[in-house]
Amino acid sequence: MQKGGFNFDLYQRNVELIEKNNYKVPKTTKTGTTIVGVVFSDGVVLGADTRATSGPIVADPNCEKIHRISDYIWCAGAGTAADTENTTGMISLQLELLSLSTGRSPRVRTALTLLKNFLFRYHGYISAALVLGGVDFTGPHLHMIHPHGSTSTLPYISMGSGSLAAMAVLETGYNSKMGEEDAKSLVHQAILSGILNDLGSGGNVDLCVIKHKSMEFFRNIDTTNSKRKFRKKLPYMFKSGSTKILEKEIKEKMEKMEIVNEKENEIEELEEL
Amino acid sequence: MAGKNCVAIAGDTRFGVRNQTVALDSNRIFKINNRTLFGMTGLNTDILTLRESFKFQMNLYNLEEEREISPKTFAHNVAQTLYSKRFGPYFITPIIAGLEGEDYTPFLCATDLIGAMEFPKSFVVAGTGEESLMGVCETFYKENMEPDELFEVISQCLLAAVDRDALSGWGSVVHVLTKDGITTKRLRTRKD
């Protein structure tokens with residue numbers, strides 16, 4: 001079985017395939033994205049759009065970009081989808097083990113350090129740009145992490161291809177004395193601005209509100225972009241038998257065989273004698 | 001494509017090296033267990049390698065867990081195997097289709113070449129004709145189709161898309177998976 005860590009076995013072969021044979025490499029799913037975080041009086045609000053693209057095609061119109069690191073520490077990710085998923089998953093694992101071995105609830109700062117050290121080791125080859133937010137016993141925290149491993153701590157953050165559109169909304173609307181409803185509404189508007197103005201972002205709006213010992217996840221809080229208004233009511237009906245078949249094979253579901261031990265009876269007979 | 005308590009996978013059977021056709025009967029859709037079907041497109045050598053690799057892992061799973069793997073767990077297994085080769089990936093695009101749980105709820109999963117999963121409720125597409133496939137599936141897909149209708153819809157989608165893609169065709173297979181078993185049908189496509 002394979003050991004932990006990345007496996008570079010196929011790297012040489014792939015380089016030759018691409019350079020010498022002009023192989024058309026399948027596209028990775030990217031998350032284009034608008035992700036936003038805002039600190040308010042009691043906690044943190046994280047927001048994200050839900051579009052995952054594969055080149056110019058929308059691979060997943062409703063993916064989840066806000067990942068759980070710990071119960072009250074969540075992370076929104078932009079960049080290559082596989083990288084954000086696996087990076088946040090790995091750090092979530094490490095944080096859980098750490099909190100169990102220290103007997104203390106995890107801190108946002110710890111998650112930040114684990115993430116930045118991990119990403120720096122790979123010098124930007126792991127393309128994950130993250131907005132990390134959470135509330136621990138020291139209060140609410142919000143950080144941004146770039147793929148090369150640099151971090152910033154700010155009261156409001158936007159990242160991804162739609163970050164400019166979102167930042168415009170945040171700069172206009174942010175004030176340091178916001179309450180929960182204002183913060184939610186601001187994040188919502190910022191994500192919506194990204195969805196409408198940036199081609200790499202789209203779909204629905206996801207929000208995550210984290211306060212002290214409480215977390216509310218609003219999945220698809222805004223779906224106005226996903227409802228196709230003029231959809232044909234009666235879809236095309238294919239009549240049964242319209243496709244010509246060459247061969248047909250039906251395999252019934254194979255039940256597991258039960259093996260009955262027949263030797264037990266023989267032993268009983270010997271004892272009687 | 002998912003229907004009502006059933007799923008179907010369809011694929012063509014051409015194996016070629018760029019514009020030259022090498023074989024007409026290459027099967028890229030494999031049965032993992034009674035509830036899971038697994039299809040791959042891309043570099044043929046990686047398809048063959050991964051077929052053996054997953055067969056091995058599933059045999060081990062069956063021996064250790066003494067039960068069959070659920071489609072969702074298998075999908076995560078595929079994603080992990082692909083991501084372990086993040087820098088130097090397998091050049092494949094896999095699709096997992098299955099029936100999950102006691103209610104036989106349809107389960108679909110597609111990943112990219114490094115294991116980023118997506119779980120749509122309607123249909124997943126992969127291959128050289130994936131853009132045509134996406135268009136035609138989006139048009140013809142309906143919710144809650146019975147197995148017969150699901151077969152018709154997925155066949156017509158595949159045939160339409162395959163006709164518009166020079167690198168696909170030369171025969172096709174459709175597997176429809178329901179709680180009673182798998183029905184496999186071969187279709188006639190254009191031979192060009």
Side-chain angles (χ1 to χ4, degrees), chain A residues 1-2 4-15 17 21-31 52 54-63 80-86 122 125-126 232 235-256, chain B residues 18 31 33-35 41-43 45-46 57 60 68 79-93 110-120 126 128 130-131 134 139-142 148-149 151-153 155-156 159 171 173-174 178-188:
Chain A
M1 298 303 286
Q2 56 192 19
F6 290 120
N7 189 319
F8 293 88
D9 285 348
L10 296 177
Y11 178 76
Q12 192 64 44
R13 172 203 82 158
N14 288 0
V15 162
L17 268 174
N21 300 14
N22 283 323
Y23 186 77
K24 190 179 134 197
V25 184
K27 296 194 193 89
T28 57
T29 308
K30 292 195 174 288
T31 56
S54 172
I57 307 284
V58 176
D60 192 353
N62 199 9
C63 70
T80 307
D83 287 338
T84 56
E85 283 274 349
N86 286 287
Y122 293 94
Y125 279 98
I126 293 190
K232 186 177 172 185
Y236 193 86
M237 295 283 288
F238 286 107
K239 273 184 273 184
S240 180
S242 44
T243 317
K244 289 204 170 70
I245 305 166
L246 289 176
E247 276 173 28
K248 181 175 170 175
E249 191 189 333
I250 302 176
K251 277 189 187 143
E252 299 281 320
K253 187 169 95 166
M254 269 172 31
E255 294 291 343
K256 261 192 182 166
Chain B
R18 275 180 240 131
K31 176 183 160 191
N33 58 39
N34 281 332
R35 285 173 174 257
T41 63
L43 198 63
T45 166
D46 286 343
Q57 287 182 33
L60 210 58
E68 296 197 323
Q80 189 268 320
T81 308
L82 293 174
Y83 194 72
S84 72
K85 295 252 193 294
R86 167 67 173 87
F87 303 114
Y90 291 113
F91 288 141
I92 66 151
T93 346
T111 84
D112 66 356
L113 77 167
I114 47 175
M117 288 182 285
E118 58 184 37
F119 305 102
T128 50
E130 65 189 356
E131 293 177 17
M134 213 172 265
T139 313
F140 292 140
Y141 173 76
K142 262 169 47 193
D148 290 330
E149 206 192 341
F151 165 72
E152 297 295 337
V153 170
S155 309
Q156 291 299 328
L159 291 174
V173 195
V174 183
T178 61
K179 66 174 166 54
D180 300 318
I182 301 177
T183 309
T184 306
K185 294 179 188 169
R186 288 189 179 273
L187 312 173
R188 183 172 54 195

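Here is how names work: the chains are called A, B, and so on, in the same order as the sequence lines, proteins then strands, and each is numbered from 1. For the numbers below, each heavy atom of this structure counts, side chains included, while hydrogens, waters and symmetry mates do not. Please read all numbers here as calculations on a predicted model, not as lab measurements.
A:T29 and B:E118 share no side-chain donor-acceptor pair at under 3.5 Å.
Here A:K251 contributes atom NZ and B:K31 contributes atom NZ; the two are 6.5 Å apart, rounded to the nearest 0.5 Å.
At a 4.5 Å heavy-atom cutoff, the contact between A:I245 and chain B is made by backbone and side-chain atoms alike. If you measure heavy-atom distances from B:L159 to chain A, the contacts under 4.5 Å come from the side chain alone. For B:R18, the part sitting under 4.5 Å from any heavy atom of chain A is the side chain, from C-beta outward, and nothing else. Looking at B:E131, the atoms closer than 4.5 Å to chain A (heavy atoms on both sides) all sit in the side chain, from C-beta outward.
Of all the heavy atoms in B:Y83 and A:A82, the pair that sits closest is CE1-O, 3.7 Å. Of all heavy-atom pairs between A:R13 and B:D46, the closest is NH1-OD1, 2.6 Å.
Side chain of B:D148 to main chain of A:S240: no donor-acceptor pair is present (N/O by atom type, distance under 3.5 Å, no hydrogens or angles).
Taking A:I250, A:D60, A:I126 one by one and counting their heavy-atom pairs under 4.5 Å with chain B, the maximum is reached by A:D60.
Proximity of the aromatic rings of A:Y11 and B:F87 is defined here by a centroid distance below 6.0 angstrom, and this criterion is not met.
Aromatic ring orientation, A:F238 versus B:F140: perpendicular (interplanar angle above 60°, classes split at 30° and 60°).
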